[in-house]
Amino acid sequence: MGKILGVVNQKGGVGKTTTAINLSACLALEGLRILLVDCDPQANASSGMGLQRDDNRHSIYDVIVGEAPAEQVILPTEIETLWILPGSKNLTGANVELAGIEGRHLRLKKALDQVADKYDLVVLDCPPALDLLTLNVLVAAQSLIVPMQAEYFALEGVTELLSTLERIRAAFNPDIFIEGVLLTMYDDRTNLAQQVTQTLREYFGDGLFKTVIPRNVRLAEAPSHGKPVALYDGRSRGTEAYFELAGEFLARNEMESPKGKARKAAAAAAAESKKEVKFWPYS
């Protein structure tokens with residue numbers, strides 16, 4: 001069964017959707033089979049992957065309320081090994097519709113259990129709130145990435161998330177853990193950014209990703225073209241940063257991508273071909 005990864009932070013505007021889209025894309029471009037699930041009523045991950053808004057299209061809402069199985073809702077993307085389970089504004093109503101239903105916190109987990117084994121990784125993009133949708137993500141996910149800006153209020157948000165996570169462990173999902181905290185929209189020229197980074201490193205240690213995502217115009221432009229930044233501008237700083245994050249994520253999970261294996265084999269073959277050839281008589 002593929003690993004299920006949540007991209008979570010109840011604070012808005014910290015780069016959750018940008019991270020979900022671009023980490024998924026970079027891992028897929030490395031040859032891994034990735035499913036991106038848009039759990040946000042704003043459906044920005046869907047539009048950022050080139051899906052036009054369509055109220056008649058099935059979405060994760062239909063899956064959660066039990067009107068359609070996930071496998072019938074999943075759509076292909078421009079990247080061959082990347083699929084998306086699109087979001088919908090109807091998700092706003094799911095918080096109310098599911099409120100009185102027994103096992104409401106398990107709806108997403110049960111749906112993904114039917115399809116997760118077809119993928120190497122399932123990436124869940126969360127709404128900026130600690131609501132029933134986010135609860136479903138926290139129950140379904142095995143680990144989390146927490147994007148955040150290097151700002152004071154972001155520290156308060158992470159503290160609240162950690163408190164929520166402890167309650168989730170105690171009640172529903174004892175094995176969930178934070179894969180890493182990711183600094184986004186980073187500008188190392190400011191003293192505040194450096195101070196927040198130091199505070200996070202002291203608290204999380206290796207739990208803070210070494211990769212940081214810089215402020216980058218191409219990252220901001222790519223969603224308006226319906227593309228991940230790697231397809232929009234393959235040479236931008238944003239593309240380089242997300243490929244670096246993908247590599248760090250794979251290393252943390254002791255995973256190797258198909259393209260990574262191919263590069264290693266090619267390097268070994270090149271090294272072998274450079275070995276000195278000895279002719280008779282041997283010295």
Handout entry: Residue pairs fulfilling salt bridge (charged side-chain N to carboxylate O under 4.0 Å, His left out) with at least one residue in residues 173-184, sequence neighbours excluded
Key = K3-E179

Problem - Test: E221 and R218 ion pair at under 4.0 Å - result: yes

Handout entry: F209: ring-ring contact (aromatic ring centres under 6.0 Å, His included) partners, not counting sequence neighbours
Key = none

Fill in the blank from the handout: Across all chains, not counting sequence neighbours, the side chain to side chain donor-acceptor pair (under 3.5 Å) partners of K264 are E256

Handout entry: Heavy-atom closest contact (P128 atom, K16 atom, distance)
Key = CB-NZ, 3.8 Å

Problem - Cluster link L75 to L121, ILVMFWY, side chain under 4.5 Å - result: yes

Handout entry: Pairs meeting criterion ring pair (Phe, Tyr, Trp, His ring centres under 6.0 Å) with involvement of residues 211-264, two or more places apart
Key = H225-Y232

Exercise for the section: State plainly whether one hydrophobic cluster holds both V123 and M49, where clusters connect Ile, Leu, Val, Met, Phe, Trp and Tyr through side-chain heavy atoms under 4.5 angstrom apart. Expected result: yes

Handout entry: Heavy-atom side-chain proximity of T18 to P147 below 4.5 angstrom
Key = no

Practice task
Give every residue pair that meets the ring pair (Phe, Tyr, Trp, His ring centres under 6.0 Å) criterion with at least one member in residues 17-57, sequence neighbours excluded.
Solution key: none

Problem - Cluster link V63 to L135, ILVMFWY, side chain under 4.5 Å - result: yes

Practice task
Might you confirm whether atom CD of E102 has over 12 heavy atoms from other residues, nucleotides or ligands at distances under 6.0 Å?
Solution key: no

Exercise for the section: Tell me, please, which residues at least two apart from E202 pass salt bridge (Lys or Arg N to Asp or Glu O under 4.0 Å). Expected result: none

Practice task
Give the minimum heavy-atom separation between S24 and L82, together with the two atoms involved.
Solution key: CB-CD1, 4.0 Å

Practice task
Would you please name every residue forming a salt bridge (Lys or Arg N to Asp or Glu O under 4.0 Å) with E160, sequence neighbours left out?
Solution key: none

Handout entry: Single-linkage hydrophobic cluster, 4.5 Å side-chain cutoff, V137 and V7 together
Key = no

Exercise for the section: Return each pair, listed once, that meets ring pair (Phe, Tyr, Trp, His ring centres under 6.0 Å) where at least one residue sits in residues 81-102; pairs must be two or more places apart or across chains. Expected result: W83-Y119

Practice task
Sequence neighbours left out, what passes ring-ring contact (aromatic ring centres under 6.0 Å, His included) with F172? Give chain and number order.
Solution key: H105

Completion exercise
Hits for salt bridge (Lys or Arg N to Asp or Glu O under 4.0 Å) against E80, two or more places apart or cross-chain, chain-then-number order -> none

Problem - Residues that R263 engages under salt bridge (Lys or Arg N to Asp or Glu O under 4.0 Å), provided they are two or more places apart - result: E30

Practice task
Not counting sequence neighbours, which residues clear side chain to side chain donor-acceptor pair (under 3.5 Å) with Q195? List them please.
Solution key: none

